[in-house]
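Okay, so here's the structure we're looking at.
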Amino acid sequence: MKRRALLGHLQEHGCVPVREGGSHSIWSNPQTGRKEAVPRHNEIKKFLARSICRTLSVPIPPGS
């Protein structure tokens, strides 16, 4: 899954970026207060994308 598609999916479901690190971006779901690191790779493996969504309490993106 492309990183841009995952970030767009997270934003659609209410998640917001908290800060940018060297190799990761930290995203948070304000409704649950949970945070998760999203790597800065162009391509993110589908299992990692699923794990990030589960941690942030967001539905699994289509195609993952």
Side-chain angles (χ1 to χ4, degrees):
M1 157 169 248
K2 294 286 185 187
R3 182 176 192 265
R4 286 180 153 227
L6 177 60
L7 297 182
H9 179 75
L10 294 177
Q11 282 184 328
E12 286 175 12
H13 290 91
C15 294
V16 293
V18 176
R19 66 181 176 86
E20 297 290 330
S23 59
H24 291 79
S25 302
I26 307 298
W27 282 71
S28 173
N29 186 341
Q31 296 171 349
T32 62
R34 301 193 83 180
K35 294 180 183 177
E36 182 66 27
V38 178
R40 288 201 188 172
H41 301 274
N42 289 333
E43 195 69 35
I44 296 176
K45 297 192 180 211
K46 69 179 183 177
F47 296 108
L48 179 57
R50 286 179 179 183
S51 174
I52 290 168
C53 289
R54 270 192 232 110
T55 301
L56 292 173
S57 301
V58 170
I60 304 292
S64 287

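Given the structure is predicted, the values throughout are model-derived calculations rather than measurements.
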Is there a side-chain contact (heavy atoms from CB on, under 4.5 Å) between Arg54 and Ile60? Walk through the geometry before answering. CA-CA 7 Å; Arg54 270 192 232 110; Ile60 304 292; 4.3 Å; yes
Please report the closest heavy-atom contact between [X] and [Y], naming both atoms and the distance.
X: Val16; Y: Pro30; result: CG2-CG, 4.0 Å
X: Leu48; Y: Pro39; result: CD2-CG, 3.7 Å
X: Ala37; Y: Ile52; result: O-CD1, 3.9 Å

Inter-residue atom distance Met1.CE - His41.NE2, 0.5 Å rounding: 15.5 Å
Do [X] and [Y] have side chains that get closer than 4.5 Å, going by heavy atoms?
X: Leu7; Y: Cys15; value: no
X: Glu20; Y: Ser25; value: yes
X: Leu6; Y: Cys53; value: yes

Output yes when a side-chain donor or acceptor of Arg40 lies under 3.5 Å from a complementary backbone atom of Gly21, and no otherwise. yes
Looking at Phe47, is its backbone amide N or carbonyl O close enough to the side chain of Ser51 to form a donor-acceptor pair, meaning the two atoms are under 3.5 Å apart?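 Checked: no pair found.
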Using a strict 4.0 Å threshold on nitrogen-to-oxygen distance, state whether Glu43 and Lys2 make a salt bridge. yes
Any ring-ring contact (aromatic ring centres under 6.0 Å, His included) involving residues 2-23? Give me the pairs, sequence neighbours left out, ordered by first then second residue.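 Passing the test, one end in residues 2-23: His9-His13.
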Taking side-chain hydrogen bond (donor to acceptor under 3.5 Å, both in side chains) as the cut-off, I'd like each qualifying pair that reaches into residues 27-36, sequence neighbours left out, listed once. none
